[in-house]
Structure formats: structure tokens, C-alpha cells
> 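Please read through the structure below; I'll follow up with questions.
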Amino acid sequence: MTAPRDSSGPDNRVTAMLLLPTTLWFLLLLVMPLVVIAVFSLGERAPAGGYQPALTLAQYANLPARLKAFTNTLTLAPLGTLLCVLMAYPLAYFLVFKIRNNQLRAALYMAVIVPLWVSYLLRAYTWKTILGREGILNSFLVWTGILDKPTDIFLYNQFSMVVTLTYIFVPFMVMPIYTALEKIPRSMIEASKDLGVGPIRTFLRVTLPLSMPGVIAGATFTICLTFGDFVAAFLVGGPNGAMIATIIQSQFGATLNWPLGAALSIVVLVIVLTIVSLSDRLERVGRIDLD
Amino acid sequence: MRAMQRSISKLQDRVADWLLTMVATGGMLFLYIPVLVLIIFSFNDNRSLTLPLRGFTLKWYESFINNADMLVAIRNSLYVATVATMVTIVIGTIAAFALDRVDFPGKLLFRRLILLPIALPGIITGISMLNMFKLMGINLSLETVILGHATGLVSIVVTQVFARLQRFNRRIEEASSDLGARPWQTFFFVTLPNIRSAIIGSALLSFTVSFDEIPVTFFLTGRDNTLPMYIYSTLRRGITPEINAVGTIIVVLSLGLIVLSVYLLRDSEKE
């Protein structure tokens, strides 16, 4: 008997059986749809709304008219990501290096990543209930006498967007950083200390560089997800808080300009793929082999 | 001199520790205060979500149970999440086997394609499928939502099952076939039981994600609402404590599922 790996006759049949359904699925439901929007993005808006075949770059030329959404997204995505790093890094560091009890550490780590899977919508929604004019924060401030009347400054602006996006994405950031920090051999940090290097310089010279791949992975994820978000913008963004995804969404709802929506989707797709491949390259360059 | 340096470094250590503990505690509070707010206000006897608290009530849960639209939406969500999970498990497991077991031209491209949905924002998946369905004249329904979810979730299953297969000792399969088992027997009695926990774990994750998915559902659903879509549409009209009640139930249920799935996936890593 030969192991299935070496035999060539039935192996081809197995390969076909494994590949045919999956390839078909992905061609039909992932590649084809992307091709369709690429084609649609070159079309025109039909007079009654929708799509009308054409071969024009008019939709792409029209994109600067949506500058506000682009600037919103391009400021909020990096800002939210930065805040996520600033919050997630100390948290992950604390869990990995300061909690000595393994079981406690595992439990706390789980506590951090669990909110990740608890309804995206509800996580954005609670911030609306907290920050609003009639919200919990305002009523608390009035109740305790810090303010005499509720204020509007908390909700429907960049501040509420950043808070909400950060809240939604922090767990995504903790996960890869935690994994990266966990991989660093303690002996390396001790060696640095034994050589008389202070804790802060040890951190800057040893721990931080070794954990960079985790930071990069988390940042990539957070930025990509921010580009696709329209739920947070809908709930806490307010009239001037439209994101690219909000504009895309409305092209298929009220305004019905499909080609414009398709063109914007293609732009987001290109941005996301660029970020992913950049981070891939960055990670490969920055990677230090410990084995 | 040496001693002084050491004591400075010790002081640095202590200050850094203290700061770190503060920031980490702050981070945890930031993560959990909104969840607590959601839960507390679902029991608060006041129509508006303001402090001070007015007293304990279960009426928001009562009105949720009597809300027929919401119950229909929950049933729809359960249907979508169940079927999408089953489909995605089958496709994802087959794809993971393809990646682990066979070599073929274009394997790298195949791999990239399968992992693409992880980075692809849901809105792109949703809109591109919406356009294709319109083009092909397919009416939107809960079934189109299922196709969308299954495609978006495959990456979760593939990464988990593939990782498990990579650690799996193939000698066991060889032993099984040496002992005269047919390939299908080996698959069902030897291989499958060994990757079971990875499959169940990723199924639970997929189910939870599908159950409260919005961006894809938003574009692919017809007249039927799933629960998150129902909540989304009521939020247009304003905030009610009823939503906190539903939210609390969702939080508790998904917490249960997630703890279970993390436990199962962790378990599969140890084996």
C-alpha cells in the first residue's frame, strides 16, 4: 500500500473533488461580483436610477466632489488606529509581563477579546446612548452639578466617531500585540537588564522592536475595517461625519447612482489591498528571527 | 555610584509598573463600562436613558417578548446564521484540505483568494454581490444573505481548520489504511474526529458573527429583516430601553458561545 500522498491515479480525482466546489464557489461569489462592480464603475447612472452601460471614467473623475468623506475617513482611520495602539499596547504588555498566574492571564486575555464578538451594532449603539444630549454622560454631569444643562459637544462629531471606532477596534489590536509579546523570550529581556540597561531603554531597544509585527498586523486590520464602516458613522457621526462607506451605502439607497457607488467601492478595494500588501512587506522587513 | 544607579533603575521600574497598571485598568474599564451600561439600563424603570436610576423593572424584556416583528427577525437571524455556518463549514473544510493535502498549479492564488474576505470590508462584499444578483435578475432574500455570509466567513474556518491539519500527525491515517480501512472510513473515523474541535470552534465563531452581521446583510436582504437589521431600522426612530433588553440577551448569549468556542479552539491547539 502506498500513502495517498505518493499515488498519482486516485490522487488526481481527490484533487479535483477538493478544488472544483471551492474554486467554483469563490469564482462565482467573490471574483465575479468584484468584476461586476469594476465594470459598473465605468458605466453611467440610468435616468431613473441604477446602472446604464457605458465606458467612461466620469465616476472616477467625480470623486473629488466627495472630498469631505475621504478626508473624514483618512483622518479618522489613522487617528482611531493610533489610539487603539496607545490603549492596546500597555494592556497587552501588562497581561504578558505583569500577570504571573497563567490561568488569570488567560482569563483576562479572554475578557479583552470577548467584546470583539459581541454585536458590532450594539457596541456602537451604547456610545450613542452614553454621549447623547439626553444621554448618560450628560445626565450624570447635570445630576452631579458639574454642568447646569446638558451639552451637545459629546455626540455627532469627530470626537464621538474616534471614541466609538477606538472602542470597536481595541480588541483587534490587543490580540496580535499580545501574541507578539508572548513570543519574546524572557531571557532576552533579562540579558539586557543584566548588562545594566535600564528598563525604559530595554523596552525601547528590545521589547518594542520585537513586538512591532503585532502592532503592524493590528493596525492593518483596524485601518481596513474603518474604511468599510458605515454603522458607527450612522449612529454617532452626525451630519458632517459621513465616511466613504456612508457615501457608498447611500448610492445604493436613496440616490441610486450605482456606477458612483461601484467606483467608490473599487477605490476602497484598491486602498485596502495596498495597505495589506504594504504591511506584508513592512512586516517581512521588520521581522527578526528568534529561532 | 553602582548602588545609586541600581536604586534609580528600581525606582524607574516601580513608576513604570504603576503607570502600566493604571493604563491597563483604564483600558479594561473602557472596554466594559459600555457593556455594563447596556445591561444596567435594560432593567431601569425609565423610558429615557438618563441618570439617576429609577428602580428595577422587567418591562423592557416583557415588551420585547410581545414584539412580534422582533421575534420574526430573531427567527430569520437564526435561520441565516445556521445555514450560513453549515455551508461555510463545508466549503471551508474542503478548502483547508485542498491547501493542506494537495499541490496544484495556482495554489498561491487560490490561497490568496480564500483569505481575501478577511481584509475585505463587508460593505464591498455586500455591494459587489448585490450588483451581480441584480445583473443576473436574482431576487434578494434571506438566501442571498446566506450566500454573502458564507463567502465572508469562509476565511475564519479555513485558517482554523488548516492550522489544525498542519499539526495533525498523518501517520495515524497511514496506520488506518494499513489496517485495511477504506479512504472514506479513514476520513470519517480517524481524520474528522481529530480536527473536530477546530471545526466546532470555528462553527461557533461563524454563527456568532453571522448572527449580528450588518454590512453584508444590509445590501443582500430583501423584505425580510434579520435581528441586527431590525434594530438598525428602529434606531432611525430613536433609542428605546427595549433595545437594551435585546442587547443584554445578545451579549449574554454570545458571551456563552464565544467562551465555548475559544475554549474549544484553545483545546485543539494543545492536543
Side-chain angles (χ1 to χ4, degrees), chain A residues 1 3 14-15 18-19 21-22 25-26 29-30 32-34 36-37 40 87 90-91 93-94 98 110 112 114-115 117-123 125-130 134-136 139-140 143 167 170 198-200 224-225 227-228 230-231 235 245 248-249 252 261-262 265 268-269 272 276, chain B residues 9 12-13 16-17 20-21 23-24 27 30-31 34-35 37-38 48-52 91 94-95 97-98 102 104 110 113-114 116 119-124 127-132 135 147 151 174 177-178 208-209 212 214-215 219 228 231-232 235 239 243 247 250-251 254-255 258-259 262:
Chain A
M1 292 279 303
V14 172
T15 310
L18 290 175
L19 285 182
T22 38
W25 181 279
F26 279 101
L29 293 169
L30 190 62
M32 263 260 286
L34 291 176
V36 169
I37 53 165
F40 273 25
M87 187 169 298
L91 195 52
Y93 188 94
F94 180 78
K98 299 295 164 187
M110 195 124 106
V112 172
V114 153
W117 305 106
V118 173
S119 186
Y120 188 95
L121 175 68
L122 288 172
R123 280 186 290 150
Y125 155 80
T126 43
W127 282 104
K128 188 184 169 92
T129 70
I130 292 172
E134 316 269 286
I136 291 151
S139 62
F140 174 76
W143 182 43
Y167 179 68
V170 158
I200 291 167
C224 290
L225 287 171
F227 269 91
F230 63 89
V231 175
L235 288 172
I248 297 180
Q249 181 216 1
F252 293 90
S265 307
V268 170
L269 182 69
V272 164
V276 170
Chain B
S9 138
Q12 259 184 3
D13 250 347
D17 267 11
L20 194 63
T21 314
V23 177
F30 179 66
L31 277 175
V35 178
V37 162
L38 186 81
S48 69
L49 303 179
T50 48
L51 287 170
I91 302 280
I94 296 177
F97 266 93
V102 292
F104 50 91
F110 181 76
L113 193 62
I114 287 179
L116 181 63
L120 207 61
I123 189 171
I124 307 284
I127 278 179
S128 59
M129 282 177 120
L130 166 75
N131 283 317
M132 187 186 70
L135 194 67
L147 290 178
T151 307
E174 283 162 27
S177 75
D178 283 350
T208 332
V209 175
D212 69 45
I214 286 203
F219 296 104
I231 297 176
Y232 186 85
L235 285 179
I239 296 168
I243 294 172
I250 295 181
V251 167
S254 39
L255 277 187
I258 282 132
V259 170
V262 171

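Bear in mind the structure is a predicted one, so any value in this text is a computation, not a measurement. Lettering follows sequence order; numbering is per chain, from 1.
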> So what's closer than 4.5 Å to chain B heavy atoms on A:V272: side chain, backbone, both or neither?
side chain
> How close do B:P121 and A:V268 get, heavy atom to heavy atom, and via which atoms?
CG-CG1, 4.3 Å
> So does A:F140 have more than 12 non-hydrogen atoms from other groups sitting under 6.0 Å from CZ?
no
> Between B:Y232 and chain A, which part of the residue has a heavy atom less than 4.5 Å away: side chain, backbone, both or neither?
both
> Supply the atom-to-atom distance B:L20 CG to A:K98 NZ, rounded to the nearest 0.5 angstrom.
6.5 Å
> Please rank A:I136, A:T126, A:I37 by heavy-atom pairs under 4.5 Å with chain B and give me the top one.
A:I136
> Taking C-beta and beyond as the side chain, do B:I123 and A:F227 meet within less than 4.5 Å on heavy atoms?
no
> Measuring from B:I124:CD1 to A:L30:CG, what's the distance to the nearest 0.5 Å?
11.5 Å
> For B:L113, is it the side chain, the backbone, both or neither that has a heavy atom under 4.5 Å from a heavy atom of chain A?
both
> Is the closest side-chain heavy-atom distance between B:P34 and A:I130 below 4.5 Å?
yes
> Write down the atom of A:L19, the atom of B:A98, and the distance for their closest heavy-atom approach.
CD2-CB, 3.9 Å
> Contact between A:L121 and B:D212 at the side-chain level, heavy atoms closer than 4.5 Å - yes or no?
no
> How many angstroms lie between atom CH2 of A:W25 and atom CD1 of B:I91, to the nearest 0.5 angstrom?
5.0 Å
> With chain A as the partner, which of B:L147, B:L120, B:I127, B:T21 has the greatest number of non-hydrogen pairs under 4.5 Å?
B:I127
> Need one label for B:I94: side chain, backbone, both or neither, based on atoms under 4.5 Å from any heavy atom in chain A.
both
> Side chain, backbone, both or neither: which part of B:V23 has a heavy atom under 4.5 Å from chain A?
side chain
> For the candidates A:A262, A:P90, A:A245, which exhibits the highest count of non-hydrogen atom pairs separated by less than 4.5 Å from chain B?
A:P90
> Once side chain to side chain donor-acceptor pair (under 3.5 Å) is applied, do any residues pair with A:T129, and if so which ones, sequence neighbours excluded?
none
> Report the C-alpha separation of A:L29 and B:M132 in whole Å, then their side-chain angles, then the decisive distance to 0.1 Å, and conclude whether the side-chain contact (heavy atoms from CB on, under 4.5 Å) test is met.
CA-CA 9 Å; A:L29 293 169; B:M132 187 186 70; 4.3 Å; yes
> On a heavy-atom basis, which atom in B:A119 and which in A:V276 lie closest, and how many Å separate them?
CB-CG2, 3.7 Å
> Provide the closest heavy-atom pair for A:Y167 versus B:F30 in the form atom of the first, atom of the second, distance.
CE1-O, 3.1 Å
> Tell me, do B:V35 and A:L122 make a side-chain contact under 4.5 Å, heavy atoms counted?
no
> Does B:I231 reach the side chain of A:Y125, with side-chain heavy atoms less than 4.5 Å apart?
no
> Is B:V37 in contact with chain A via its backbone, its side chain, both, or neither, using a 4.5 Å heavy-atom distance?
side chain
> Please classify the contact of B:L116 with chain A as side chain, backbone, both or neither, using a heavy-atom distance under 4.5 Å.
side chain
> Which atom pair, heavy atoms only, marks the closest approach of A:P33 to B:M129?
CB-N, 3.7 Å
> Of the listed residues (A:L34, A:V170, A:V112, A:T22), which shares the most heavy-atom pairs with chain B below a 4.5 Å separation?
A:T22
> Please report the interatomic distance CG(B:L31) to CG(A:L91), rounded to the nearest 0.5 Å.
7.0 Å
> Partners of A:L225 by side-chain contact (heavy atoms from CB on, under 4.5 Å), sequence neighbours excluded?
A:F169, A:F172, A:F221
